[in-house]
Structure formats: C-alpha cells, structure tokens
**Student:** 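Let me begin by handing over the structure; questions about it come next.
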Amino acid sequence: MDTAPQTAAPQAPPPVIPRAMPADVRDYLAKFDFNACTACGTCSNGCPVTGTPGMEGWDTRRVMRMLALGLVDEVVDSAFPWLCTGCGRCAQACPQGVDIPGVMGHMKHLRERDKVPGSLHKGMANNVETGNNLAIAREDYLTGMAELGQEMADDDCPGFYVPVDRQEAKILFFPNSKEVYGDFEDQLWWWRIFYAARENWTVPSEGWEAVDWALFTGNYDANRLLAKRKIDYMQRMGIERMIMPDCGGGSYGCRKGMERCVVEDPNNRVGYLYLYDYLVELIRDGRIRLDPSVNAGRRFTWHDSCKHGRELLRHFGRGFFEEPRWILRQCVDDFAEMTPNRELNYCCGAGGGMWPMPYEKESAWQARHKFNQIRRTGADVVVVGCSNCRDQIMKRIPKFYPEARYEVKYIWQLVAETLVLDPWTEAEAERARAEAQAQWERLGVDLEAQEY
C-alpha cells in the first residue's frame with residue numbers, strides 16, 4: 001500500500017474578470033493611443049522598473065493589460081506608476097507608438113492627492129500657493145540673493161548683483177528652490193556666465209521656482225497654472241526670452257503647460273530657449289571665452305537626460321544631443337561617450353519625481369545600468385544638464401555602489417569653471433552698484449544690515 005504523502009494539486013489563480021473602464025478614463029487614455037497596444041512586451045524589455053526588487057511580477061506590459069481589462073483602480077493603487085521615471089524608453093521602442101509615460105502620468109493623476117507618495121504633492125501645493133516648492137518667504141529669498149551676489153562681487157566679479165524684476169530684460173532665469181534653500185553656491189555658475197557675457201538678465205521676485213512637481217504628480221491644472229504664471233510675468237515685464245528650467249521635468253513640464261496655454265490662446269506665446277542653445281550662442285558669438293587647458297589631465301563623459309533628449313525629441317521634434325557634446329568639446333580635451341547614448345541612453349533612475357520620493361532602493365536599482373555605463377568610460381567627471389540627474393549620479397549611486405569614483409558637474413558649472421573672466425571696467429561696476437542699491441531699496445532689502 002502506498003503510504004507516501006499526497007501533494008495537493010496546485011491551485012489555479014483566480015480568473016480575471018474584465019470590468020468596463022470608466023468612460024472618462026477611456027477617453028483620456030485615447031489621447032495616448034492606448035488602444036493601439038498589442039501586448040507585445042517590447043516596453044517591458046526597455047523599462048528600468050522591470051525586475052525591481054519588491055515589484056516581482058510587475059512590468060509595463062502587465063500594467064497595460066490590466067488597464068485594458070478595466071483594472072484601473074488596481075493600477076492606480078499600486079506603486080508602479082510612481083516607480084515609472086517617465087524616461088520614455090518604452091514609448092521609443094513601442095512598435096505602435098503608444099505614449100506609455102503619458103498613460104502612467106494619468107494613473108498618477110487618478111491617485112487621491114493625500115495619497116501621493118512623499119513630499120511631491122506638498123511641494124506642488126507650496127509652489128501654487130507661495131511661488132516655490134519649499135515655501136521660502138519672499139524676504140528670505142531676496143535677502144539671500146542680495147547676500148550671495150555681494151559675496152561674488154567682493155570675490156572676483158566687481159559690480160555683480162542679482163537683478164530682480166528688471167523690465168525689458170533679454171533673459172529670464174528661474175532658480176531651483178533647493179539651491180536657494182541650501183545649495184547656495186550652485187547658483188554662482190550661471191551668475192558667472194551672465195557676468196562674463198555682460199547679459200541683460202533677471203529673476204522674478206515671486207513665482208520664481210524652476211521645478212514643476214505638478215508634472216510628477218499628474219496635476220494637469222497646476223501644470224497649466226505654473227506655466228501661465230511664467231507667461232504672464234514675461235509679458236508684464238516685457239522680457240524677450242526665458243531659459244527653460246534646467247530640471248528635466250521642470251523644463252518638460254513648463255513646455256507642456258505652455259503648449260496648453262498657447263492652444264487656448266495664441267497670444268500666450270512667449271520667447272524661450274533651452275540652456276544648451278543659450279550656451280552655444282554665447283560661445284559662438286564670442287561673448288564668453290573658454291580655456292580648456294584648465295581641465296587637462298581629466299576625462300569627461302556626458303549623461304543624456306531623458307527629458308532633455310529622448311522625450312523632447314518624441315514630443316516636440318527636437319532633443320538636445322549634439323549641442324551639449326559641442327559645448328563639452330569647447331571645454332575639455334578628453335571626452336568619452338557612454339554606451340548606449342543619445343536617444344538610446346539609460347535613465348539614471350531619478351526622473352518622474354523619483355529623486356525626492358520615498359523609493360530610494362528602487363531608484364538605486366534602476367540606476368545600475370547608469371553606474372556601469374559611467375564605469376566603462378573611465379571618466380573622472382560626469383557632466384549633466386539636469387538637477388535631478390546630478391543629485392542621483394552624485395549622491396545616490398555612490399551610496400549604493402561604493403566603487404563609484406567620479407565627480408559630477410553641471411554643464412554650466414563646467415563652462416563657468418573654464419571661463420576666461422574679464423572683470424567689468426570700473427565705470428561698468430560703478431553703474432551696476434548704483435543700480436543694485438536702487439533695486440534693493442525698492443524691494444525693501446537693507447544692504448547695510450546684511451552680514452557677508
């Protein structure tokens with residue numbers, strides 16, 4: 001008689017019962033060609049989320065099939081849309097051209113606001129209410145601009161000050177609140193470039209935030225509001241061009257929001273350019289001079305930001321691939337490419353709000369390809385054009401991959417450090433000092449009370 005223990009037959013998973021997708025969700029997803037999905041799985045192969053520890057069994061194809069079966073709530077309640085960096089590798093590879101990052105963004109939009117992970121929603125709400133993500137008071141912001149500008153003037157840029165609310169400026173620049181709050185000296189790189197170029201530039205006294213967390217939280221109304229705020233300021237002040245914010249999400253979000261505003265009213269069209277075009281313009285026009293010998297003996301590589309490259313190319317017909325490489329070659333003698341690169345580049349893992357969200361381990365997992373890319377180049381310095389990419393590559397990757405040995409620089413930092421700086425004449429400096437004094441008096445900042 002067979003007395004061996006009997007093994008129970010494996011239980012089949014419960015059947016998935018399709019549900020009707022809510023009409024409003026179905027209609028909105030149609031904007032992203034959602035119905036063209038054939039479930040081929042190409043998206044999952046290129047997605048950095050695939051294989052993330054803790055997300056076993058989840059990938060982009062599964063999520064797309066869940067949505068097709070009407071399981072919208074299950075996707076919205078999951079972590080998957082928030083782990084999506086919006087890098088666009090999936091959409092670029094999709095044979096049907098489905099805008100998968102757009103679909104994931106709408107899943108974020110459907111999440112209840114008090115259930116948005118981390119500080120994203122609070123930061124976005126701060127921006128809408130106070131003009132910046134960290135709710136920095138106007139007085140503190142202006143005082144910081146005055147103090148830091150005076151320090152730079154006392155150092156090696158006589159006459160320098162930060163022009164605020166300058167009428168008919170040629171260039172409008174938006175600071176990043178984390179730099180205003182803590183990384184103070186990171187502002188100096190752009191300021192030195194403006195000084196060397198003798199640029200007619202300005203920053204706003206209010207509504208100055210560069211970063212658009214409304215994009216990261218799927219808040220369409222706030223995204224439009226933040227873009228319209230910039231448009232209204234430019235038109236009110238008679239400003240010629242704004243530099244799109246350096247943050248990849250900030251610039252992409254601003255561009256998307258401005259696009260909506262122009263569709264609603266063509267009179268909302270304003271002049272803008274990207275930081276790469278601006279730097280190329282300054283160098284080619286001879287407004288700044290560079291000495292690449294100061295960077296001799298070091299190897300440099302370039303990280304292609306997803307939003308400045310692949311996603312701009314896909315949505316607006318032009319990504320910035322060759323411009324940053326041209327700028328680097330004006331600054332350095334030893335440049336090594338990562339592979340793959342340009343529109344095939346790997347995401348660093350910080351996009352879509354992943355840098356400030358509470359998914360550090362997941363973000364570090366997504367960064368494994370970037371770490372290996374950098375290591376293969378043998379570079380001493382990684383140059384970036386996005387603040388989130390910079391923080392990820394400079395701080396998070398070395399934390400989880402201790403063998404990482406490199407320095408990280410913004411591309412505008414590299415340009416500023418390579419500048420041949422021609423100080424202003426005494427007449428120029430004296431005129432600027434008088435302008436600064438009048439400006440700070442108008443804004444209620446007491447220069448004499450500041451401690452430098």
Side-chain angles (χ1 to χ4, degrees), residues 152 155-157 185-199 243 246 248 273-306 308-310 318-346 348 367 369-387 389-395 397-398 401 403-423:
M152 187 166 141
D155 185 10
D156 60 350
C157 297
E185 294 185 355
D186 285 344
Q187 299 176 84
L188 300 182
W189 310 120
W190 272 116
W191 294 359
R192 292 178 70 84
I193 292 170
F194 294 147
Y195 180 86
R198 290 167 166 78
E199 185 61 84
I243 297 177
D246 60 75
L273 75 171
Y274 280 80
L275 64 97
Y276 309 105
D277 281 337
Y278 180 67
L279 293 175
V280 168
E281 183 180 291
L282 293 184
I283 297 169
R284 284 186 172 164
D285 291 351
R287 294 179 61 192
I288 59 174
R289 295 186 295 126
L290 304 173
D291 177 13
S293 69
V294 302
N295 298 311
R298 309 187 79 193
R299 173 169 290 185
F300 294 76
T301 191
W302 170 250
H303 164 66
D304 289 291
S305 164
C306 302
H308 286 175
R310 181 168 46 237
R318 180 193 176 193
F320 289 93
F321 301 115
E322 304 313 317
E323 294 83 356
R325 287 169 169 81
W326 183 86
I327 295 166
L328 258 67
R329 289 191 173 97
Q330 312 314 303
C331 297
V332 308
D333 296 322
D334 188 354
F335 172 73
E337 286 279 14
M338 295 187 202
T339 53
N341 54 60
R342 295 174 171 82
E343 58 264 47
L344 298 179
N345 187 42
Y346 288 116
C348 70
H369 294 309
K370 181 55 55 185
F371 164 64
N372 286 323
Q373 280 186 289
I374 296 170
R375 183 168 56 177
R376 287 195 298 266
T377 67
D380 303 293
V381 182
V382 181
V383 185
V384 301
C386 166
S387 55
C389 297
R390 181 254 200 177
D391 287 346
Q392 175 84 347
I393 296 172
M394 183 174 72
K395 300 175 183 178
I397 289 181
Y401 304 89
E403 59 270 43
R405 295 287 187 271
Y406 51 74
E407 188 178 357
V408 182
K409 294 181 183 289
Y410 287 124
I411 191 170
W412 52 93
Q413 176 184 354
L414 178 63
V415 170
E417 292 177 339
T418 312
L419 279 173
V420 177
L421 192 63
D422 295 320

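Keep in mind that the numbers below use all heavy atoms, side chains included, and drop hydrogens, waters and symmetry copies.
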**Student:** How would you list, by chain and number, every residue that makes a side-chain contact (heavy atoms from CB on, under 4.5 Å) with Asp333, sequence neighbours excluded?
**Tutor:**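 Residues passing side-chain contact (heavy atoms from CB on, under 4.5 Å) with Asp333: Pro292.
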**Student:** Restricting to non-hydrogen atoms, name the atom on Leu290 and the atom on Val420 that form the minimum distance, rounded to 0.1 Å.
**Tutor:**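 Between these two residues, the closest heavy atoms are C-CG2, 4.1 Å.
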**Student:** Looking only at atom types and distance, does a side-chain atom of Thr377 sit under 3.5 Å from a main-chain N or O of Met338, one as donor and one as acceptor?
**Tutor:**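 No; zero donor-acceptor contacts below 3.5 Å.
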**Student:** For Phe321, give me all partners under ring-ring contact (aromatic ring centres under 6.0 Å, His included), at least two apart in sequence or on another chain.
**Tutor:**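 In terms of ring-ring contact (aromatic ring centres under 6.0 Å, His included), with neighbours along the sequence ignored, Phe321 is linked to no residue.
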**Student:** Using a 4.5 Å cut-off on heavy atoms from C-beta on, say whether the side chain of Tyr410 contacts that of Val384.
**Tutor:**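 Val384 vs Tyr410: side chains touch.
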**Student:** Taking C-beta and beyond as the side chain, do Leu273 and Ile243 meet within less than 4.5 Å on heavy atoms?
**Tutor:**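 Side-chain contact under 4.5 Å: yes.
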**Student:** Would you check if His303 and Ile374 make a side-chain contact, meaning some heavy-atom pair closer than 4.5 Å?
**Tutor:**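 No, too far: nothing below the 4.5 Å cut-off.
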**Student:** Atom CG in Leu282, atom CZ in Arg198: separation rounded to 0.5 Å?
**Tutor:**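 CZ of Arg198 is found 13.0 Å from CG of Leu282.
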**Student:** Would you check if the side chain of Arg299 reaches a backbone N or O of Ala379 as a donor-acceptor pair within less than 3.5 Å?
**Tutor:**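 Checking the backbone N and O of Ala379 against the side chain of Arg299, no donor-acceptor pair under 3.5 Å is found.
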**Student:** Any donor-acceptor pair under 3.5 Å linking the side-chain atoms of Asn345 with those of Gln373?
**Tutor:**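 Distance-only check passes for Gln373 and Asn345.
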**Student:** If we only count heavy atoms from C-beta on, is the Thr418 to Gln330 side-chain gap below 4.5 Å?
**Tutor:**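 The answer is no, as the side chains (C-beta and beyond) never meet within the 4.5 Å cut-off.
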**Student:** State, with a plain yes or no, whether a side-chain heavy atom of Glu417 is found less than 4.5 Å away from one of Val294.
**Tutor:**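 Not touching, per the 4.5 Å side-chain cut-off.
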**Student:** Does CD belonging to Glu322 count more than 12 external heavy atoms closer than 6.0 Å?
**Tutor:**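 Yes, because the 6.0 Å sphere around CD of Glu322 holds more than 12 heavy atoms from other groups.
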**Student:** Just wondering, do His308 and Glu323 contact through their side chains at under 4.5 Å, heavy atoms?
**Tutor:**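 The answer is no; the side chains never approach within 4.5 Å.
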**Student:** Working to the nearest 0.5 Å, report the span between CD1 of Ile411 and SG of Cys386.
**Tutor:**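 Reported value, rounded in 0.5 Å steps: 12.5 Å.
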**Student:** Should Asp246 and Arg390 count as an ion pair when the cut-off is N to O under 4.0 Å?
**Tutor:**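 Result for this pair is no, no salt bridge flagged.
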**Student:** Can you tell me how far CD of Gln392 sits from NZ of Lys395, rounded to the nearest 0.5 angstrom?
**Tutor:**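 Between atom NZ of Lys395 and atom CD of Gln392 there are 11.0 Å.
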**Student:** So, using side chain to side chain donor-acceptor pair (under 3.5 Å) as the criterion, who are the partners of Asp304 when residues are at least two apart?
**Tutor:**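 Asp304 satisfies side chain to side chain donor-acceptor pair (under 3.5 Å) with Trp302, Arg325 only.
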**Student:** Whether the side chain of Asn295 engages the backbone of Cys331 through a donor-acceptor N/O pair (distance < 3.5 Å, no angle test) should be reported.
**Tutor:**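 Between the backbone of Cys331 and the side chain of Asn295 there is a qualifying donor-acceptor contact (under 3.5 Å).
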**Student:** Please answer whether the main-chain N or O of Arg287 pairs with a side-chain N or O of Asp285 as donor and acceptor at a distance below 3.5 Å.
**Tutor:**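 Answer holds: no.
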**Student:** Please determine whether side-chain contact (heavy atoms from CB on, under 4.5 Å) holds for the pair Glu199 and Ile193, giving the CA-CA distance in whole Å, both sets of side-chain angles, and the decisive distance to 0.1 Å.
**Tutor:** CA-CA 8 Å; Glu199 185 61 84; Ile193 292 170; over 6 Å; no
**Student:** Under a 4.5 Å cut-off applied to non-hydrogen side-chain atoms, are Arg375 and Asn372 in contact?
**Tutor:**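 Yes - at least one pair of side-chain heavy atoms lies under 4.5 Å apart.
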**Student:** Might you work through the side-chain contact (heavy atoms from CB on, under 4.5 Å) test for Val383 and Val332, ending with a clear yes or no?
**Tutor:** CA-CA 11 Å; Val383 185; Val332 308; over 6 Å; no
**Student:** How far does SG of Cys157 sit from CG of Leu188, to the nearest 0.5 angstrom?
**Tutor:**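 Going from the SG atom of Cys157 to the CG atom of Leu188 covers 8.5 Å.
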**Student:** Do you know the tightest heavy-atom contact between Cys348 and Ala367?
**Tutor:**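 Closest heavy-atom pair between Cys348 and Ala367: O-CB, 3.2 Å.
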**Student:** Which of parallel (below 30°), tilted (30 to 60°) and perpendicular (above 60°) describes Phe320 and Tyr274?
**Tutor:**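 Ring orientation of Phe320 relative to Tyr274: tilted.
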**Student:** With no hydrogens and no angle check, is any side-chain donor or acceptor of Tyr276 less than 3.5 Å from a backbone partner on Ile327?
**Tutor:**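 No; zero donor-acceptor contacts below 3.5 Å.
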**Student:** Please check if the distance between the ring centroids of Trp412 and Trp189 is under 6.0 Å.
**Tutor:**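 Trp412 vs Trp189: aromatic centres not under 6.0 Å.
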**Student:** To the nearest 0.5 Å, tell me how far Ile283 CD1 sits from Tyr278 OH.
**Tutor:**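 That separation rounds to 11.0 Å.
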**Student:** Look up atom CG in Asp291 and atom CG in Leu421, then write down how far apart they are to the nearest 0.5 Å.
**Tutor:**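 Those atoms lie 12.5 Å apart.
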**Student:** Under the side-chain contact (heavy atoms from CB on, under 4.5 Å) rule, what do Glu185 and Gln413 come out as? Steps first, then yes or no, please.
**Tutor:** CA-CA 11 Å; Glu185 294 185 355; Gln413 176 184 354; over 6 Å; no
**Student:** Locate the shortest heavy-atom distance separating Asp380 from Gly297; write the atom from each residue and the value.
**Tutor:**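 So the minimum-distance heavy-atom pair works out to OD2-O, 4.3 Å.
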**Student:** What I'd like to find out is whether the side chain of Thr301 reaches to under 4.5 Å of the side chain of Val381, using heavy atoms alone.
**Tutor:**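 A side-chain contact under 4.5 Å is absent here.
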